[in-house]
Amino acid sequence: MASLNGLAPALALLALATAGPASSQQADPLIDQRTKGDPAAPIKIYEASDFQCFYCRAFAMDVMPQLELEYIQTGKAQLIFVNLPLIELHENAAAAHEFAMCAAKQDRFWPVHDLLFRNQRTWGEVSDPVEVFLALADSASLDRDALSVCLDTGAVRWIVQAEAEAVARQGVRRTPSFIVDQGVIAGAQPMDVWRSVLDSLFVVKTGGR
């Protein structure tokens, strides 16, 4: 696991990323809606991800289900999704992240998260992905009217932009990257790597209890 070399702990990083626009101190960064696991879990995992990133898809489809089964559902770890669309590489990524955050306003972030990765090629290869997003919204049982208002007004754009800028300032510029304790796991690592890191951290933090 690569070290953050004294950079801000993950919780402070996320707080910085989602501080909200200066004109709206009460703006909701929708963190709870994109969090999996017990808040009291001893290990916090912050996943900086790009919905149009192939390796992020590989993690979501191949590794995340097992990670959730072994560590999140057992109360050992909590995972928080952090927006990091690499817009210089993926032209539809920012729109996908806004769509997901609008879904979070309806408490449907995780169903949309899964649909976006499962259908990545479909929406990633079109010039305007909105129609694909609307079809996915129906699959996720979203309120279309509320979704349209959210997308049309850019209501969640500040969350996506603030997080992407903040994590980049902290030196995290590739996806997926996982801030765990004060270290970073870079890339879609296999489950064996995750077990090695998380089992060691769990022992350190709990004495193995």
CG (L86) with more than 12 external heavy atoms under 6.0 Å: yes
Work out which heavy atom in A96 is nearest to a heavy atom in L116; give both atom names and the distance. O-CD1, 3.7 Å
Do I185 and F54 sit in the same hydrophobic cluster, where Ile, Leu, Val, Met, Phe, Trp and Tyr count as joined when their side-chain heavy atoms come under 4.5 Å apart? no
At what distance, to the nearest 0.5 angstrom, does CE of M61 lie from CG of D114? 5.5 Å
Sequence-distant partners of K76, salt bridge (Lys or Arg N to Asp or Glu O under 4.0 Å), two or more places apart: none
Atom NZ in K36, atom CD1 in I80: separation rounded to 0.5 Å? 12.0 Å
For Q106, side-chain contact (heavy atoms from CB on, under 4.5 Å) partners two or more places apart: R108, L142, D143, A146, L147
Here the pair of heavy atoms bringing R174 nearest to G187 is NH2-CA, 4.0 Å
Tell me, do V63 and Q189 make a side-chain contact under 4.5 Å, heavy atoms counted? no
Keeping Q120 on the side-chain end and F51 on the backbone end, is there a donor-acceptor pair under 3.5 Å? yes
Side-chain contact test, heavy atoms from C-beta onward, threshold under 4.5 Å: evaluate it for L79 versus M64 and give yes or no. yes
Under 3.5 Å donor-acceptor, D181 side chain and G183 backbone: no
In terms of ring plane angle, is the pair H113 and F109 parallel, tilted or perpendicular, where the classes change at 30° and 60°? tilted
Given the rule in the side-chain contact (heavy atoms from CB on, under 4.5 Å) test, do N119 and L136 qualify, once you have shown the distances and angles that lead to the verdict? CA-CA 9 Å; N119 297 278; L136 296 181; 3.6 Å; yes
Out of curiosity, does L89 fall in the hydrophobic cluster containing I87 (side-chain heavy atoms, cut-off under 4.5 Å, transitive links)? no
How many angstroms lie between CD in Q52 and CZ in R57, if you round to the nearest 0.5 Å? 12.5 Å
Distance-only donor-acceptor check, side chains Q66 and E70, under 3.5 Å: yes
Heavy-atom nearest pair, V149 first then T153, reads O-OG1, 2.7 Å
Exactly one candidate in R157, R34, R169 meets salt bridge (charged side-chain N to carboxylate O under 4.0 Å, His left out) with E163; the answer is R34
Step by step, would you call D28 with Q33 a side-chain contact (heavy atoms from CB on, under 4.5 Å)? CA-CA 11 Å; D28 183 1; Q33 291 84 348; 4.3 Å; yes
Indicate, with yes or no, if F133 and W110 share a hydrophobic cluster defined by side-chain heavy-atom contacts under 4.5 Å among Ile, Leu, Val, Met, Phe, Trp and Tyr. yes
Please report the shortest heavy-atom distance between D50 and A93, naming the atom on each side. OD1-CB, 3.4 Å
One should read off an interatomic distance between T74 OG1 and L69 CG, to the nearest 0.5 angstrom, of 8.0 Å
A137 to F99 - nearest heavy-atom pair and separation: N-CZ, 4.0 Å
How many angstroms lie between atom CG of L67 and atom CZ of R195, to the nearest 0.5 angstrom? 9.5 Å
Only counting residues at least two apart or in another chain, list the ones meeting side-chain contact (heavy atoms from CB on, under 4.5 Å) with A77. I43, I45, Y71
Which residue pairs satisfy the disulfide bond (SG atoms under 2.5 Å apart) criterion with at least one member in residues 73-176, sequence neighbours excluded? C102-C150
List the residues meeting side-chain contact (heavy atoms from CB on, under 4.5 Å) with V160, not counting sequence neighbours, and say none if there are none. N83, P85, H97, E98, M101
Taking the six-membered ring for Trp and the full ring for Phe, Tyr or His, determine whether the centres of F178 and Y46 are under 6.0 Å apart. no
Can you tell if the side chain of L30 reaches within under 4.5 Å of the side chain of I159, non-hydrogen atoms only? yes
Residues which pass side-chain contact (heavy atoms from CB on, under 4.5 Å) with E125, listed by chain and number, not counting sequence neighbours: R121
Return the OH to OG1 distance between Y55 and T175, rounded to the nearest 0.5 Å. 10.5 Å
Could you tell me whether the side chain of W194 reaches within less than 4.5 Å of the side chain of V180, counting heavy atoms only? yes
